[in-house]
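Take a look at the structure below.
Because the structure is predicted, anything quoted here is derived from the model rather than measured.
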Amino acid sequence: MGFVGTFLGIVGFGFGVPIGIILGYFLYIYFQPTDVEREEPIIRPLNELDSKTLHALLPEIPSWIKNPDCDRVDWMNKFMFDIWPYLDKAICSTIRSTTKPIFDQYIGKYCLESIEFDHLTLGTLPPTIHGVKVYETQEKQLAIEPGVRWAGNANISVSLKLLSFRVTVQLLQLQIFLVPRITLKPLVPSFPCFANLSVSLMEKPRVDFGLKLLGGDIMAIPGLYRFIQETVAAQISNLYHWPKVLEVPILDGASGATKKPVGILRVKVVRALNLRKMDFLGKSDPYVKLRLSGERLPSKKTSIKMSNLNPEWNEQFKLIVKDPETQVLELHVYDWEKVKMHDKLGMQVIPLRLLTPHEMKTFTVDLLKNLNPNDLQNKRNRGKLVVELTFDLFKEENGRLSGPLDGDVKHSSISWASHDISSDGGVLLVTIESAENVEGKHHNNPYALILFRGEKKKTKMIKKSRDPRWSEEFQFMLEEAPIDEKIHIEVMSKRRGFSFHGKESMGHVDINLSDVVNNGRINERYHLINSRNGIIDIEIKWSTI
């Protein structure tokens, strides 16, 4: 009996502990008291509070009290309160229409039969603005920093039907505290009087919310609440924390207000000095990534210098500049790792407004952990980075274009008058506007493919459309004018999911770039070759330095 008793005890312990944990979880989740009698808050004058209590209340004090540069905007909060019921319905309607095609993509996959909103409301409590700071600049722009707090009673419930079982996920009690910088630029003489809206977060946001799964509050699980809260805030901060910018175009290209390239920034990454040793054994393996703010293009990278804390690169790069007054050059130094994520050695930014056109300038900058001036870790020595910058403006060629060169539909390029052609390098800008009457044999999910000098670029895919509109611009930086070359543009269709007919051509066109070099710009509609009635609208510009 001793052996049998011991065996049964081990088996009972092995099964009893997991079952007890599961039962305890459900009892903790489902049987928490919901109707708690709330006590009336105790209201006391500030002069009766001690210093510790006052210090704890500082984050709740409006910024217009703490900072004399902030303005009180009670009128804006009153306006938001009155318009919020209508704004709630409009936003929720937009969310439903926007997410429906996204939900439809997953129906039929992962055993999902349906995805729909059970409840969708932002609640009755609008966001409040506890202070606004307005910046005066010499540029044609308006920059404001509102302090936004939203402790709302939103209720967003999504129902998923999975193998005939219904699973409900509910988001509620959403709270957001953030300080964005909203820049309206450039200011133009056409309504709404600004062409673009850019948003950056000046501080790490605070995000709090409740999340229920199958009616149980999973945020009540110890440790999970703080992990999710910090992860969401960190992801938002990584995307939009200054100097990273969310650009929202307001006016289209027809208004003449969108930014076009104005020059080329030549960057020479010379060397780094006294970098930190990140590896326990051996030295760091540094390399540099660089990009211009406000651009969606991938970053350029130097080569990797193995086991070197004072590496020399002397490598040159070219970046296209659209707004030298506001753009900054972002420099990030990393320690290359073969297996794990690359360690960040430091970073720094250099505003382009510090440069004089056509003059080379050398910068020796101290590397920082981040751009937060209050971060104590920025006081640690992380080394220096030496770069040489030259900003070259494009040549002004007044008179080359007396007006738009739009014309009727043609099979070939427009004619041009011969004159001297510059052999200097420049930038070829290809804008794929739209297409009409494109039709595939098996599917119609068109996208445009550009082939030039071995480079391949493509637009986004438009699903189930015979008249797609892309309005996407592509850049080719060239050392010499492409006077005797052609560019190949083809409209393709791609099948969603698995199919024997994965891709197919819907027509193509080859454009002689000598017309672009001589005229500076062409804007035409071309009949697609090997297409019955297909037409594509393309604009190509050539800018020299």
Requested in this report: Could you give me the CA-CA distance, side-chain angles and deciding distance for Phe209 and Gln173, then say whether side chain to side chain contact (heavy atoms under 4.5 Å, CB included) is met?
Outcome: CA-CA 5 Å; Phe209 56 88; Gln173 297 177 354; over 6 Å; no
Query raised in the report: Does some side-chain heavy atom of Leu367 sit less than 4.5 Å from a side-chain heavy atom of Val333?
Result: yes
**Report entry** CA sep, side-chain torsions, deciding dist, call: Leu122, Ile91, side chain to side chain contact (heavy atoms under 4.5 Å, CB included)
**Finding:** CA-CA 9 Å; Leu122 300 181; Ile91 294 175; 3.8 Å; yes
Query raised in the report: For the atom pair CZ (Arg149) and NE2 (His130), what is the distance rounded to the nearest 0.5 Å?
Result: 4.0 Å
Requested in this report: Please tell me if the side chains of Pro146 and Ile182 come closer than 4.5 Å, counting only heavy atoms from C-beta onward.
Outcome: yes
Query - Asp467 side-chain N/O to Asn437 backbone N/O, donor-acceptor pair under 3.5 Å - result: yes
Query raised in the report: Rounded to the nearest 0.5 Å, what separation is found between the CZ atom of Arg380 and the CZ atom of Arg276?
Result: 4.0 Å
Query raised in the report: Between Ser505 and Asn530, does any side-chain donor sit less than 3.5 Å from a side-chain acceptor?
Result: no
Query raised in the report: Just wondering, are more than 12 heavy atoms of other shown residues or ligands nearer than 6.0 Å to NE2 in His119?
Result: no
**Report entry** Asp74 bridged to Arg72 by N-O distance under 4.0 Å
**Finding:** yes
Query raised in the report: Asn533: what forms a side chain to side chain donor-acceptor pair (under 3.5 Å) with it, not counting sequence neighbours?
Result: none
Report summary line: Only one of Met506, Lys464, Lys463 passes side-chain contact (heavy atoms from CB on, under 4.5 Å) with Asn444, and that residue is Met506
Query raised in the report: Would you say Phe474 and Leu429 make side-chain contact, with heavy atoms under 4.5 Å?
Result: no
Query raised in the report: Partners of Asn378 by side chain to side chain donor-acceptor pair (under 3.5 Å), sequence neighbours excluded?
Result: Asn370
Query - Beyond-backbone contact of Val207 with Phe177, side-chain heavy atoms, under 4.5 angstrom - result: no
Query - Close side-chain approach of Leu371 to Met347, heavy-atom, < 4.5 Å - result: yes
Requested in this report: Using a strict 4.0 Å threshold on nitrogen-to-oxygen distance, state whether Lys78 and Asp82 make a salt bridge.
Outcome: yes
Query raised in the report: Any donor-acceptor pair under 3.5 Å linking the side chain of Lys300 with the backbone of Leu319?
Result: no
Report task. Please determine which of Ile115, Val167, Asp118 meets the side-chain contact (heavy atoms from CB on, under 4.5 Å) test together with Ser159. Result -> Asp118
Query raised in the report: Of all heavy-atom pairs between Ile538 and Val509, which one has the smallest distance, and what is that distance?
Result: CD1-CG1, 4.2 Å
Query raised in the report: At their closest point, which heavy atom of Gly123 faces which heavy atom of Asn153, and how far apart are they?
Result: CA-OD1, 3.1 Å
Report task. Could you tell me the separation between the CD atom of Glu472 and the CD1 atom of Ile450, rounded to the nearest 0.5 Å? Result -> 9.0 Å
Query raised in the report: Any ring-ring contact (aromatic ring centres under 6.0 Å, His included) pairs touching residues 144-175, not counting sequence neighbours?
Result: Trp84-Trp150
Query - Arg291 side chain near Lys289 side chain, heavy-atom distance below 4.5 Å - result: no
Report task. Please confirm whether the backbone N or O of Val288 pairs with a side-chain atom of Thr302, one donor and one acceptor, at under 3.5 Å? Result -> yes
Query - Side-chain donor or acceptor of Thr121 paired with backbone N/O of Asn155 under 3.5 Å - result: no
Requested in this report: Consider only side-chain N and O atoms of Gln327 and Ser293, and report whether a donor and an acceptor are under 3.5 Å apart.
Outcome: no
Query raised in the report: Any donor and acceptor pair, going by atom type alone, linking the side chain of Glu504 with main-chain N or O of Lys441 inside 3.5 Å?
Result: yes
Report summary line: Taking every heavy atom of Pro446 against every heavy atom of Pro468, the minimum-distance pair comes out as CG-CG, 3.6 Å
Query - Test item: Asn523 side-chain N/O and Glu539 main-chain N/O as donor-acceptor pair under 3.5 Å - result: no
Report task. Could you pull out the closest heavy-atom pair between Glu455 and Phe476, with the gap in Å? Result -> OE2-CD2, 3.8 Å
Query raised in the report: Of all heavy-atom pairs between Met80 and Pro127, which one has the smallest distance, and what is that distance?
Result: CG-O, 3.7 Å
Query raised in the report: Is Val199 close to Arg181 at the side-chain level, that is, under 4.5 Å between some pair of heavy atoms?
Result: no
Requested in this report: Name the orientation class of the two ring planes belonging to Tyr334 and Tyr287 (parallel below 30°, tilted from 30 to 60°, perpendicular beyond 60°).
Outcome: parallel
Query raised in the report: In Å, rounded to the nearest 0.5 Å, how long is the span from NZ of Lys456 to NZ of Lys458?
Result: 8.0 Å
Query raised in the report: Can Val349 and Leu331 be said to form a side chain to side chain contact (heavy atoms under 4.5 Å, CB included), step by step?
Result: CA-CA 6 Å; Val349 297; Leu331 300 163; over 6 Å; no
Query raised in the report: Looking at side-chain heavy atoms only, is the closest gap between Trp470 and Lys460 below 4.5 Å?
Result: yes
**Report entry** Spatial distance of atom NE2 (His332) from atom NE2 (His342) [nearest 0.5 Å]
**Finding:** 15.5 Å
Report task. Look at the side chain of Thr94 and the backbone N and O of Ala90, then say whether any donor-acceptor pair between them is shorter than 3.5 Å. Result -> yes
Requested in this report: Give a yes or no answer on whether the side chain of Thr459 reaches the backbone of Ala448 with a donor-acceptor pair at less than 3.5 Å.
Outcome: yes
Query raised in the report: Of the non-hydrogen atoms in Gln175 and Ala151, which two are nearest, and what is the gap between them?
Result: CG-CA, 3.9 Å
Query - Candidate pair Val438 and Leu528, rule side chain to side chain contact (heavy atoms under 4.5 Å, CB included), full reasoning - result: CA-CA 9 Å; Val438 292; Leu528 292 170; 3.7 Å; yes
Query raised in the report: Within a reach of under 6.0 Å around NZ of Lys301, are more than 12 heavy atoms found that belong to other residues, nucleotides or ligands?
Result: no
Requested in this report: Please name the residue in the list Arg166, Arg96, Lys161 that meets the salt bridge (Lys or Arg N to Asp or Glu O under 4.0 Å) test with Glu116.
Outcome: Arg166
Report task. Please confirm whether the backbone N or O of Asp285 pairs with a side-chain atom of Asp335, one donor and one acceptor, at under 3.5 Å? Result -> yes
Report task. Please round to the nearest 0.5 Å and tell me the distance separating atom NE2 of His443 and atom NZ of Lys494. Result -> 10.5 Å
